[in-house]
Enquirer: 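Handing you this structure, nothing more for now.
Residue indices begin at 1 and follow the sequence shown.
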Amino acid sequence: MTRYSDEFINELKESVNLVDLVSDYLELKKSGNRYKGLCPFHSEKTPSFFVNPDNNFYHCFGCGAGGDAINFVMEIENLTFVESVKMLTERTGMELPDLSNQQRQRYKEREQLFSLNKLAARFYNYLLTETEMGRDALNYLKERGFGESEIEEFKLGYAADEWQLLLNFLQKKGFGINLINKAGLISEGKNNSYYDKFRNRVMFPIFNNRGEVIAFGGRILETEDGYGPKYLNSPETQIFSKKKNLYGLHLAKETIRKKNSCIIMEGYTDVIQAHKNGFNNSIASLGTAFTEEQAKLIHRYAENAYIAYDADTAGNKATLRGLDILSGTGINVKVIQLAEGSDPDQLLKNEGKESFDKLIEEAVNLIDFKINMIVKNKNLNDPGVRKKVLKSIVKLLSEVSDNLEREIYIERAAAKTDFKAEVLADEVEKEFQRNKSRNYQRNREKQNKQTEKSFDLYSQLSYYQKVEEEILAHFISNPGLREQITARLSKNDFNGRTSQLAERLFRGSVISNSVKIDKIKNELGDELLSYWSEILVKQDNSLTKEHILELAEYLSSKRIASNKKKLCNLLSRRELSLNKLNRILLTFYSLNYNIERRD
């Protein structure tokens, strides 16, 4: 498939300051002539994510993610290659060149979906605020405490109690029925007929973190013959994935970043009410079970999260699994404990900001909350129940790795249950040791990774591997050196992964005159692609062309000397035939000739 020219891509990447770009998403600190920070693509406590400002490449030594500015934007914003290029051209002020027909069509369709959703949101908003048919929906929102400012900020709307009102409107605006269907705004009926998916509903547009409408949620108004469930959401589309987005993030992200914390709620109205009361770091999870993608998205902006779900939802298994995912990303999770039957919307409307502030101050961390859930509504006077509660607490606390932290939770659990702290501590320690034994290999690998994270970039490498990597890095980034390097070296002069990478580089199947990750991914595979970005991040750009060629000479001479040593060992054997002896001597002569020619 035709792509942008090498010249344009190279010019674009040279125009982007990768350190500045990455700094928009995470904190970077200078480390020698590079910058490092906590990786945005996986959970870690010790920085292993490096950016090399000299060649604009990044690499994470923890998860292996790496690449250039385009690749970074693709990964962190969940964009296509074309969309990433567009975003960077807008950032740098460059003009976007023409696309291939296939790319142009795909890109056009995505742009049309964004435009279509934006227009649908405006249509729903118009029906709510400017028409008689939206009066009941407007009254409903006013009864919930939402006025003009909230309606405007969140672009709330109304889907009329009509079968094809939106469909006819969008078609008149030039959108085809196939595209409207792909956007999830209509449903297919009998005989190839279509009708509006959302009818007689208050509409909540869902935005991505860049502020583009990607989907809708609709709450039905009370009627005698209601259409379907209380809440109806858009299906997955080309531009909407429920597990990768968060409601209200486009409005909350700057406050989240400033406060280093977010408040996560269940519903659309919870978030709107929270913003109305000044809690502008509030978002909703589009479902109670968190996904890794959502957790990583939050971790880009904050290290702390407060969970404000109603009591029943907060304690169910799916929610707790989601909170574990959130915590596993490295986020400090605290749970706001609401009264039975209450939710943030009602609490803020009825009791005001001060009451919610107090609940935030009293929020408990995830372990304490889980202990409360285990004990909640349990008759601890019943021996059988008491034993089950004890086992559940022991299992929970045995998973706490820090000794001091584990001791603190044991004392708290003992106080809540009237278990003797000594007995509880003994049971937890036994289970902890059993876990340690069962998971020995996994724990050892984890410890090894933690040890490797406190490395300097080269501490794990031999001198020869450093030389091999430096030569390949300059081969990739300096087209003028390639012919001279390949005249001196072959893949046999390298070892391990460097040999595999050299084989592909030297035969020209990966690069020509540019470095374009989207071109080489299929050729290299994930492991070698990660190694590619690793050696480029470690590249020493202060080395001169002459120095690199000297290193190439050294590497070649090293292989020749090694081969001569092997031949000498063969010559020392007495059982050699005359033909084999002759071949060895000819090879030996050839090696000597190569050394003398280089000298």
Enquirer: Check for a donor-acceptor pair, side chain of Ser533 on one end and backbone N or O of Ser530 on the other, with a separation under 3.5 Å.
Expert: yes

Enquirer: Is a side-chain donor-acceptor pair under 3.5 Å present for Asn365 with Tyr409?
Expert: yes

Enquirer: Would you say the side-chain atoms of Asn56 pair up with the backbone N or O of Val16, donor to acceptor, closer than 3.5 Å?
Expert: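 Flag set: sc Asn56 to bb Val16 pair under 3.5 Å.
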
Enquirer: Angle class for the Tyr231/Phe204 ring planes (parallel below 30°, perpendicular above 60°, tilted otherwise)?
Expert: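 Ring orientation of Tyr231 relative to Phe204: tilted.
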
Enquirer: Check this for me: does any side-chain nitrogen of one of Glu254 and Lys258 sit under 4.0 Å from a carboxylate oxygen of the other?
Expert: no

Enquirer: Under 3.5 Å, is there a donor-acceptor pair linking the side chains of Arg122 and Asn125?
Expert: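 Judged by distance alone, the side chains do not pair up.
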
Enquirer: Around atom CD of Glu148, are there more than 12 heavy atoms from other residues, nucleotides or ligands closer than 6.0 Å?
Expert: no

Enquirer: When you compare the side chain of Asp418 with that of Leu380, does any pair of heavy atoms fall below 4.5 Å?
Expert: no

Enquirer: As an exercise, state the distance from CZ of Phe198 to OG of Ser234, rounded to the nearest 0.5 Å.
Expert: 4.0 Å

Enquirer: Let me see the working for Ile371 and Leu397 under side-chain contact (heavy atoms from CB on, under 4.5 Å), right down to the final yes or no.
Expert: CA-CA 9 Å; Ile371 293 172; Leu397 299 187; 4.2 Å; yes

Enquirer: Should the pair Lys358-Glu361 be classified as a salt bridge under the 4.0 Å nitrogen-to-oxygen rule?
Expert: no

Enquirer: Between Ile220 and Leu232, is a side-chain contact (heavy atoms from CB on, under 4.5 Å) present by the stated rule, with each step listed?
Expert: CA-CA 8 Å; Ile220 198 166; Leu232 183 65; over 6 Å; no

Enquirer: Distance check, rounded to the nearest 0.5 Å: Leu138 atom CG versus Leu127 atom CG?
Expert: 12.0 Å

Enquirer: Pair Lys370, Asp324 - check salt bridge (Lys or Arg N to Asp or Glu O under 4.0 Å), show working.
Expert: CA-CA 11 Å; Lys370 287 183 176 181; Asp324 284 336; 2.5 Å; yes

Enquirer: Within the side chain of Arg386, is there an N or O that forms a donor-acceptor pair under 3.5 Å with the backbone of Thr417?
Expert: yes

Enquirer: Looking at Glu152, I want to see if its CD is surrounded by more than 12 non-hydrogen atoms of other residues, nucleotides or ligands under 6.0 Å.
Expert: no

Enquirer: Which heavy-atom pair separates Ala421 from Ile410 by the least distance, and what is that distance?
Expert: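 Of all heavy-atom pairs spanning Ala421 and Ile410, the closest is O-CG2, 3.8 Å.
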
Enquirer: Compare every heavy atom of Val51 with every heavy atom of Pro53, then report the nearest pair and how far apart it is.
Expert: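 For Pro53 versus Val51, the nearest heavy atoms are CD-O, 3.4 Å.
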
Enquirer: Quick one: ring-ring contact (aromatic ring centres under 6.0 Å, His included) partners of Tyr158, sequence neighbours excluded?
Expert: none

Enquirer: Donor-acceptor check, side chain of Lys259 to backbone of Asn281, threshold 3.5 angstrom: yes or no?
Expert: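 Absent.
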
Enquirer: Within a 6.0 Å radius of atom NZ on Lys349, are there more than 12 heavy atoms belonging to other residues, nucleotides or ligands?
Expert: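 Buried by this count: over 12 neighbours within 6.0 Å.
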
Enquirer: Write down the atom of His275, the atom of Ser282, and the distance for their closest heavy-atom approach.
Expert: NE2-O, 3.0 Å

Enquirer: Return the CD1 to OG distance between Ile331 and Ser261, rounded to the nearest 0.5 Å.
Expert: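 Taking CD1 in Ile331 and OG in Ser261, the distance rounds to 11.0 Å.
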
Enquirer: Go through it in stages, so that I can follow the logic: the residues are Leu246 and Leu286, the test is side-chain contact (heavy atoms from CB on, under 4.5 Å), and I'd like the CA-CA distance, side-chain angles, deciding distance and then a yes or no.
Expert: CA-CA 6 Å; Leu246 296 157; Leu286 297 176; 5.7 Å; no

Enquirer: Would the distance check show the side chain of Asp345 and the main-chain N or O of Gln273 forming a donor-acceptor pair, the cut-off being under 3.5 Å?
Expert: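 Checking the backbone N and O of Gln273 against the side chain of Asp345, no donor-acceptor pair under 3.5 Å is found.
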
Enquirer: So which atom in Gly218 and which in Arg201 form the shortest heavy-atom distance, rounded to 0.1 Å?
Expert: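 Of all heavy-atom pairs spanning Gly218 and Arg201, the closest is O-NH1, 3.1 Å.
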
Enquirer: In terms of side-chain geometry, is the basic nitrogen of Glu212 or Arg210 positioned less than 4.0 Å from the acidic oxygen of its partner?
Expert: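 Salt bridge: yes.
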
Enquirer: Between Lys276 and Glu153, does any side-chain N to carboxylate O distance fall below 4.0 Å?
Expert: no

Enquirer: Taking Leu424's backbone N and O only, do any of them form a donor-acceptor pair with Glu427's side chain (distance below 3.5 Å, no angle check)?
Expert: no

Enquirer: Given side chains that start at C-beta, do those of Leu156 and Thr129 come closer than 4.5 Å, heavy atoms only?
Expert: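 No. Closest side-chain heavy atoms not under 4.5 Å.
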
Enquirer: I'd like to know if the side chain of Asn316 reaches the main chain of Thr313, judged simply by a donor and an acceptor atom lying under 3.5 Å from each other, with no hydrogens or angles considered.
Expert: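 A pair under 3.5 Å: yes.
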
Enquirer: Is any NZ, NE, NH1 or NH2 atom of the basic residue among Asp24 and Arg91 found under 4.0 Å from an Asp or Glu carboxylate oxygen of the other?
Expert: yes

Enquirer: Could you state the interatomic distance from CG (Leu297) to CD1 (Ile283), rounded to the nearest 0.5 Å?
Expert: 7.5 Å

Enquirer: Should Val213 and Ile206 count as side-chain neighbours, where that means a heavy-atom distance under 4.5 Å?
Expert: no

Enquirer: Taking the side chain as every heavy atom from C-beta outward, state whether Phe57 and Asn71 have any atom pair closer than 4.5 Å.
Expert: no

Enquirer: Show your reasoning for whether side-chain contact (heavy atoms from CB on, under 4.5 Å) applies to Lys197 and Phe216.
Expert: CA-CA 11 Å; Lys197 184 179 185 69; Phe216 295 89; over 6 Å; no

Enquirer: Let me know which of Tyr35, Phe49, Trp532, Tyr25 forms a ring-ring contact (aromatic ring centres under 6.0 Å, His included) with Tyr58.
Expert: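 By the ring-ring contact (aromatic ring centres under 6.0 Å, His included) criterion, Tyr58 pairs with just one of Tyr35, Phe49, Trp532, Tyr25: Phe49.
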
Enquirer: Looking only at side-chain N and O atoms, does Lys416 offer a donor or acceptor that is under 3.5 Å from a partner on Asn372?
Expert: yes

Enquirer: Enter the distance from Thr269:OG1 to Gln346:CD here, rounded to the nearest 0.5 Å.
Expert: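 The CD atom of Gln346 is 9.0 Å from OG1 of Thr269, to the nearest 0.5 Å.
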
Enquirer: Check Lys296 with Glu293, please: is the shortest side-chain N to carboxylate O separation under 4.0 Å?
Expert: no

Enquirer: Side-chain contact, heavy-atom cut-off 4.5 Å: Asn208 with Phe240?
Expert: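 No - every pair of side-chain heavy atoms lies 4.5 Å or more apart.
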
Enquirer: Could you grab the distance from atom SG of Cys262 to atom NZ of Lys253, nearest 0.5 Å is fine?
Expert: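 The NZ atom of Lys253 is 14.5 Å from SG of Cys262, to the nearest 0.5 Å.
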
Enquirer: Tell me whether the count of non-hydrogen atoms from other residues, nucleotides or ligands lying under 6.0 Å of NZ in Lys30 goes above 12.
Expert: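 It does: Lys30 NZ has more than 12 such atoms within range.
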
Enquirer: Checking Asn260 side chain against Glu303 main chain: does a donor-acceptor pair fall under 3.5 Å?
Expert: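 A pair under 3.5 Å: yes.
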
Enquirer: For Lys538, is there any backbone N or O sitting under 3.5 Å from a side-chain donor or acceptor partner on Arg34?
Expert: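 Here the side-chain-to-backbone pair exists.
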
Enquirer: Could you work out, with ring-ring contact (aromatic ring centres under 6.0 Å, His included) as the rule, every residue matching Phe356, not counting sequence neighbours?
Expert: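 ring-ring contact (aromatic ring centres under 6.0 Å, His included) check on Phe356 returns Phe279.
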
Enquirer: Under the ring pair (Phe, Tyr, Trp, His ring centres under 6.0 Å) rule, what do Tyr268 and Phe154 come out as? Steps first, then yes or no, please.
Expert: CA-CA 10 Å; Tyr268 308 127; Phe154 288 88; 9.9 Å; no

Enquirer: May I ask you to decide whether Glu340 forms a salt bridge with Lys376, counting only side-chain N to carboxylate O separations under 4.0 Å?
Expert: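 Between Lys376 and Glu340 there is a salt bridge, with a charged N closer than 4.0 Å to a carboxylate O.
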
Enquirer: Take atom CD of Glu292 as the centre, draw a 6.0 Å sphere, and report whether it contains more than 12 heavy atoms from other residues, nucleotides or ligands.
Expert: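 Count not over threshold, so no.
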
Enquirer: Which heavy atom in Val202 sits nearest to a heavy atom in Ala137, and how many Å separate them?
Expert: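 Taking every non-hydrogen atom into account, CG2-CB, 4.0 Å.
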
Enquirer: With a 4.5 Å limit on heavy-atom distance, are the side chains of Asn117 and Thr237 in contact?
Expert: no

Enquirer: State, to 0.1 Å, how close Val19 and Leu28 come at their nearest heavy-atom pair, and which atoms those are.
Expert: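 Of all heavy-atom pairs spanning Val19 and Leu28, the closest is O-CD1, 3.8 Å.
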
Enquirer: Is a side-chain donor or acceptor of Gln294 paired with a backbone partner of Ser285 at a separation under 3.5 angstrom?
Expert: yes

Enquirer: Report yes if the side chains of Gln238 and Lys182 come closer than 4.5 Å at any heavy-atom pair, otherwise no.
Expert: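 They are not in contact (no side-chain heavy atoms under 4.5 Å apart), so the answer is no.
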
Enquirer: Heavy-atom distance under 4.5 Å between the side chains of Leu88 and Leu21, does that happen here?
Expert: yes

Enquirer: Evaluate whether atom CD of Glu527 has more than 12 neighbouring non-hydrogen atoms of other residues, nucleotides or ligands under 6.0 angstrom away.
Expert: no

